[in-house]
Structure formats: structure tokens, C-alpha cells
Amino acid sequence: MALRARIKAWRGGLGADVRARAAEAVARQGLGFLQPKAKGGVVSGFAPLADEFRVWPLLRRLAAEGFRLALPVMQGKGKPLLFRTWSPGDAMDTGVWGIAEPKADKAALEPDILRVPLLAFDRRGWRLGYGGGIYDRTLRALRARKAVVAVGLAHDEQEVDAVPHLDYDQRLDWALTPSGPIRCTD
């Protein structure tokens, strides 16, 4: 898909200073835009790939504010993610594609707020991922059991007019960018 290739190339060209400023801007915002829904909830993050949005500053802030945090663990091809408890400084294992994951002895828990990586998003909540459907399967499974708020993390430039989507794709509720949160609506 041309959009996927274009965004990957753009994102891959970002300098470390741009990535750091964007991550700090998002961390300063926190999750205040979700209040009071966020209070006492479990928030998932993700261990970013080399050119993905840096989520660590935001997760450190949320930990300091008393949120319970979780990171995803791959369970196998075609399966939704499992989430295990995580705190800044925890030792991690290396999972699929070299992605850091919480150790197997960490308790499993289900997030109330799911932080979602993406390549592009639109204001209707459609997101472009990597094409494997992992987060779509995960969101579908979680939403079948409880209310979950899906929040994509992105640079402002990752917003596009429309993201192509299929019947099984799951929408974001919000996108959080360095410029601020964007409520996704139909």
C-alpha cells in the first residue's frame, strides 16, 4: 500500500531531536482529556520499534500519577495480544521482531485504555497499522468483554484525510499528538 510506504519513509527520516520533542509534548498532556474515565484504570503502552512514536516519557508520567501499566505480549500468529503488568525499570524479555515484552512471571491484566501504535490515522478513528491485524483482533476481543478506550499515538503529520479500512478493522476513540488530543467521531 502506497500510504503505508510513504508514512514509513517519512517517519524513518525523523531525527532523534524531533522524536524526543514529540514524546515529551505528549507526556506533558498525559491523559487528562479522558478524565474522569482514566482514574484508577489500567493503561497499556507498547515497546516501540526503532522508528515508532516514543511512548516511554508518557508511561513514566502515568506511573508517577498512580496508573497501573501493562505492555503487550505476542501470543502467536492470528491471536490477540496478552497484556502483562509493567513498571518503569522492570527487566524485560525479547519477543517477536525483537520487541521488548514484560517477563512471563508478571501478572496478566486487561487494559481499560489501550495505547495503539500506528502509521496513519483519520478523524473518523480509522488507523493504518502494519497490516497484520494484531491490534484490531486485540481491540475486538477486549471490546467484547468490556468498555475499552483506544488511543493512537502519532505525530501530527501522520493524520490523513481518510484511511482505507475493512469490515474487521477497529476504530480509535482518540488520537494523541504533540499538538493535543483529537476525538475521533463518525
Side-chain angles (χ1 to χ4, degrees), residues 1 3-4 7-8 11 26 29-49 51-56 58-59 62 67-86 95-97 99-102 106-155 158-177 181-186:
M1 169 185 281
L3 177 59
R4 187 173 280 127
I7 297 292
K8 276 179 147 179
R11 199 175 66 181
V26 162
Q29 295 172 53
L31 293 180
F33 61 96
L34 293 178
Q35 300 298 348
K37 190 171 196 126
K39 287 289 186 195
V42 175
V43 179
S44 75
F46 55 88
L49 296 170
D51 64 351
E52 281 184 322
F53 200 94
R54 297 289 174 254
V55 68
W56 303 122
L58 175 61
L59 292 178
L62 297 177
F67 285 93
R68 293 182 297 157
L69 302 176
L71 291 180
V73 174
M74 293 285 293
Q75 296 190 93
K77 187 174 181 168
K79 294 184 179 180
L81 296 166
L82 170 72
F83 293 87
R84 293 195 181 280
T85 188
W86 176 84
V96 177
W97 301 303
I99 298 172
E101 297 179 344
K106 296 293 184 176
L109 59 148
E110 289 191 340
D112 302 299
I113 301 166
L114 187 68
R115 309 304 294 204
V116 183
L118 54 83
L119 288 167
F121 72 95
D122 65 29
R123 295 220 172 202
R124 294 187 61 218
W126 299 115
R127 64 176 272 280
L128 180 65
Y130 296 99
I134 296 167
Y135 273 88
D136 293 307
R137 278 190 295 282
T138 301
L139 269 167
R140 186 179 322 106
L142 286 169
R143 286 174 168 163
R145 293 190 295 275
K146 65 188 224 174
V148 176
V149 177
V151 181
L153 287 176
H155 297 272
Q158 289 175 272
E159 181 181 352
V160 298
D161 289 336
V163 171
H165 56 278
L166 300 170
D167 293 344
Y168 60 82
D169 289 332
Q170 296 286 305
R171 291 178 39 196
L172 300 171
D173 298 294
W174 293 85
L176 182 55
T177 71
I182 298 168
R183 177 75 167 120
C184 299
T185 59
D186 238 348

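Predicted model only: the values in this text are computed from it and were never measured. Worth knowing before you read on, the calculation uses all heavy atoms, side chains too, and leaves out hydrogens, waters and symmetry mates.
- The structure places CG of Leu34 at 5.0 Å from CD1 of Ile113, a figure rounded to the nearest 0.5 Å.
- For Arg84, there are no salt bridge (Lys or Arg N to Asp or Glu O under 4.0 Å) partners at least two apart in sequence or on another chain.
- When every heavy atom of Gly30 is checked against every heavy atom of Leu58, the shortest pair comes out as CA-CD1, 3.8 Å.
- Residues satisfying the side chain to side chain donor-acceptor pair (under 3.5 Å) criterion with Glu110, sequence neighbours excluded, are Arg145.
- In this structure, Arg54 has no side chain to side chain donor-acceptor pair (under 3.5 Å) partners at least two apart in sequence or on a different chain.
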Run the side-chain contact (heavy atoms from CB on, under 4.5 Å) check on Thr85 and Arg68 step by step: do they pass? CA-CA 7 Å; Thr85 188; Arg68 293 182 297 157; 6.0 Å; no
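- Residues Gly152 and Leu118 come closest through the heavy atom pair CA-CD2, 3.7 Å.
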Show every donor-acceptor pair shorter than 3.5 Å between a side-chain atom in residues 72-81 and any protein atom, with sequence neighbours excluded, or say none if there are none.
| residue | atom | partner | partner atom | Å |
| --- | --- | --- | --- | --- |
| Gln75 | NE2 | Pro80 | O | 2.8 |

* Starting from the C-alpha separation in whole Å, work towards a yes-or-no answer on side-chain contact (heavy atoms from CB on, under 4.5 Å) for Phe46 and Ile99. => CA-CA 9 Å; Phe46 55 88; Ile99 298 172; over 6 Å; no
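- At least one side-chain heavy atom of Phe53 sits less than 4.5 Å from a side-chain heavy atom of Val26.
- The side chain to side chain donor-acceptor pair (under 3.5 Å) check on Gln158 picks up nothing, with sequence neighbours excluded.
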Carefully, step by step, assess Leu59 and Leu71 under the rule side-chain contact (heavy atoms from CB on, under 4.5 Å).
-> CA-CA 10 Å; Leu59 292 178; Leu71 291 180; 4.1 Å; yes
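- Contacts of Glu159 classified as side-chain contact (heavy atoms from CB on, under 4.5 Å), with partners at least two apart in sequence or in another chain: Phe121, Arg123, Ile182.
- Arg137 places a side-chain N or O within 3.5 Å of a backbone atom of Gly132 that can act as its donor or acceptor partner.
- Closest approach of Val116 and Ala150 over heavy atoms only: CG2-CB, 4.3 Å.
- Shortest non-hydrogen contact noted between Ala47 and Ala100 is CB-O, 3.4 Å.
- Put simply, the side chain of Arg127 reaches to within 4.5 Å of the side chain of Asp136, judged on heavy atoms.
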If you look only at distance, which donor and acceptor atoms sit under 3.5 Å apart when one is on a side chain in residues 162-169 and the other is two or more places apart or in another chain?
| residue | atom | partner | partner atom | Å |
| --- | --- | --- | --- | --- |
| His165 | ND1 | Val163 | O | 3.2 |
| Asp169 | OD2 | Leu166 | N | 2.6 |

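- By the 4.5 Å heavy-atom criterion applied to side chains, Trp56 and Pro48 are counted as neighbours.
- The two residues Arg115 and Tyr135 make their nearest non-hydrogen contact at O-CE2, 4.0 Å.
- The shortest heavy-atom contact between Gly41 and Phe67 is O-CD2, 3.8 Å.
- Rounding to the nearest 0.5 Å places CG of Leu31 at 4.5 Å from CG of Leu62.
- With rounding to the nearest 0.5 angstrom, the CG atom of Asp122 is 10.0 Å from the CG atom of Leu128.
- Contact check for Lys8 versus Tyr130: side-chain heavy atoms found under the 4.5 Å cut-off.
- Residues passing the side-chain contact (heavy atoms from CB on, under 4.5 Å) test with Arg183 are Asp173, Trp174, Thr185, sequence neighbours excluded.
- Distance CZ/Arg171 to CZ/Arg143: 8.5 Å, rounded to 0.5 Å.
- When atom types are taken as modelled, the side chain of Gln29 and the backbone of Thr177 share a donor-acceptor pair closer than 3.5 angstrom.
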message = Evaluate Phe33 against Val151 for side-chain contact (heavy atoms from CB on, under 4.5 Å), listing each step before the verdict.
response = CA-CA 11 Å; Phe33 61 96; Val151 181; 4.2 Å; yes
